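See below for the structure under consideration.
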Amino acid sequence: MSPSSTTFAQLGLSAPLLRALSEKNYLHPSPIQAEAIPHLLAGRDVMGSAQTGTGKTAAFALPILQRLSENPLPRTPRSPRALILTPTRELAVQIGDNFTAYGKHLQLRHAVIYGGVGQMPQVRAAHVADIAIATPGRLLDLASQGHIRFDRVEILVLDEADRMLDMGFAPDIKRIIGKLPAQRQSLLFSATMPPSILDLAARVVQKPVRVAMTPETPTVDRIAQSVVHVEHGQKYPCLRQLLGENPKKLVLVFMRTKHGANKLARNLERDGFHAEAIHGNKSQSARQRALESFRSGHTPILVATDVAARGIDVKNISLVVNYDLPEEPEAYVHRIGRTARAGTEGRAISFCESDDRRDLQAIQRMIRKTIPVLKITAAPLEKSAAPRPATPHAPAHVPAHSPAHAAPRAAAHPPAHSHPRATAHSPAHAPAPYREHRPHHESRPRHEPRPRHESTARYESAARHEHAPRTEHAPRSDYAPRPAGTHAPTPHGQRARPAQRSYFQRQRRGTYRSGWQP
Ligand code: AMP
């Protein structure tokens, strides 16, 4: 029976679960669900190659809910009957949400346990939980304080086992496994199966059924991937261009560093886009808030680091941008797997500077295909202050340099094109209409250039239009040093004052960071 023609009822799931599934509008099991659920209902151990995006969570959550509810036992405080270990807080929360949805017609309770937040709510939830979904560190912490015990665990799931080992959880996992009853059902899911995972599996699962989904391949095949070869300093203008071309869309942008993610989100906000950063340094509640805001479309651009990547289960992400290529090729698949979720289509565009060629080759070797090259011509400077659309997602076609995401702010503030400086002088990424029209009593954020006298700006704008060499108009990064001698002369033959602090000034102030952009 092909998975697409299989129904959940044919897998042997109980009526309360079928009801919950039909309420979620899940019509057919995904391949991994069709393959794993019957074995799990029969009590077999399972070892699966599967990543998020394949429907793996339901593949283990549904049988767990069914097996526990069919064999009801009086609840023992602080003693869950099923334990799910997962690498990140986001994944733990996401798995918890899945249990809530699938188990809504059952009486089972679960606790989601992860670090970085106060422990009391989790302690209370663990007291009455049938199912614990946890990151290893906080779980051991609670166990050492006597808030949770493992002696009644009947089912263990190691979710994203490779990632947990990568993150250094091996000792914690071994300690937890050492505390579990030997008689139990065990499941291990991992995207990759390196020797370290096989070692771990030898300790955890017994005579497992191998559910070898080719990991995420079907998802990756659905994603239209492309690579944009960019000059140093051109990533930001290219990103703006892409965002402008994708109004109404949820866009996820990946960067290597937390600092970079913060800075990029700030620069996008400055330029009128609604963007937020999400990474490991943010508090759990801030991460959840950012995710919710992204999911609802309120903040349609999310800038993330790899640590935050796996927990991002948002349907309808239409574009993933690898602003920085990942260092590990595996991370590429995880990142782009955030789009094309649950059978939808998606696009992934990666920026590649000449220094990144090796990383690109490693990725192409891993996915066994050459990623097609896409050419982006970033918006020319002088058009950057074109009027912005009046409503957030109204226009069918938005010029690349007048991003639709920017509209709410633009509506709140008069457009910048009436201002001489904003019309011709601002770099492509800095139209900042709100900046020009901010009331005087509002203070100027540190990252914004000091406003200049209008007449100076007019000279500069005239100079740029009439005398400046073509290269002058190339959009450039805020932090890329301007080539020497490129400040155009004013009509009086004098050099115009640069719009922003020079590279050297910024270096003295410590605000110039080499190798980072924008
Ligand atoms: P997962 O791989 O568990 O992270 O699931 C990926 C996404 O697919 C989640 O948003 C699930 O809600 C969704 N999903 C899981 N199973 C199904 C199904 N059988 N039909 C439709 N969507 C599903």
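For clarity, every value in this text was computed on a predicted model and none was experimentally measured. In listed order, ligands and their atoms are each counted from 1.
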Contacts of type ring pair (Phe, Tyr, Trp, His ring centres under 6.0 Å), residue F189, not counting sequence neighbours: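 F189 satisfies ring pair (Phe, Tyr, Trp, His ring centres under 6.0 Å) with F60 once adjacent residues are dropped.
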
CD (E70) with more than 12 external heavy atoms under 6.0 Å: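 Atom CD in E70 is crowded, with more than 12 foreign heavy atoms closer than 6.0 Å.
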
Minimum non-hydrogen distance to atom 5 (O) of ligand 1, winning option of A59, S30, G337, G55: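 It is G55 whose heavy atom sits nearest to atom 5 (O) of ligand 1.
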
Among Y26, Y102, F189, closest by any non-hydrogen atom to atom 23 (C) of ligand 1: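 Going through Y26, Y102, F189 one by one, Y26 has the nearest heavy atom to atom 23 (C) of ligand 1.
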
H279-N262 side chain donor-acceptor pair, cut-off 3.5 Å: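 Yes, N262 and H279 have a side-chain donor paired with an acceptor closer than 3.5 Å.
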
Run the side-chain donor-acceptor check on residues 169-177: report pairs under 3.5 Å with partners two or more places apart or on a different chain.
none

Ligand 1 versus H28: contacting region, heavy-atom distance under 4.0 Å: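 Contact part for H28 vs ligand 1: backbone (N, CA, C, O).
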
Which segment of F8 sits under 4.0 Å of ligand 1 when only heavy atoms are counted: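 Side chain only.
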
Numbered atoms and elements of ligand 1 in range of Q94, under 4.0 angstrom, heavy atoms: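 Atoms satisfying the 4.0 Å criterion: 4 (O).
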
Ligand-side contact atoms (ligand 1) for residue partner T57, heavy atom cut-off under 4.0 Å: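 What qualifies from ligand 1 is 1 (P), 3 (O), 4 (O).
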
Matching residue for D324 among K235, R256, R335 - test: salt bridge (Lys or Arg N to Asp or Glu O under 4.0 Å):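 Single salt bridge (Lys or Arg N to Asp or Glu O under 4.0 Å) partner of D324 among K235, R256, R335: K235.
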
Sidechain-backbone polar pair: Q225 side chain, P372 backbone, donor-acceptor under 3.5 Å: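 Checked: no pair found.
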
K24, any N or O under 3.5 Å of ligand 1 N or O: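 No, since none of the N or O atoms of K24 sits under 3.5 Å from an N or O of ligand 1.
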
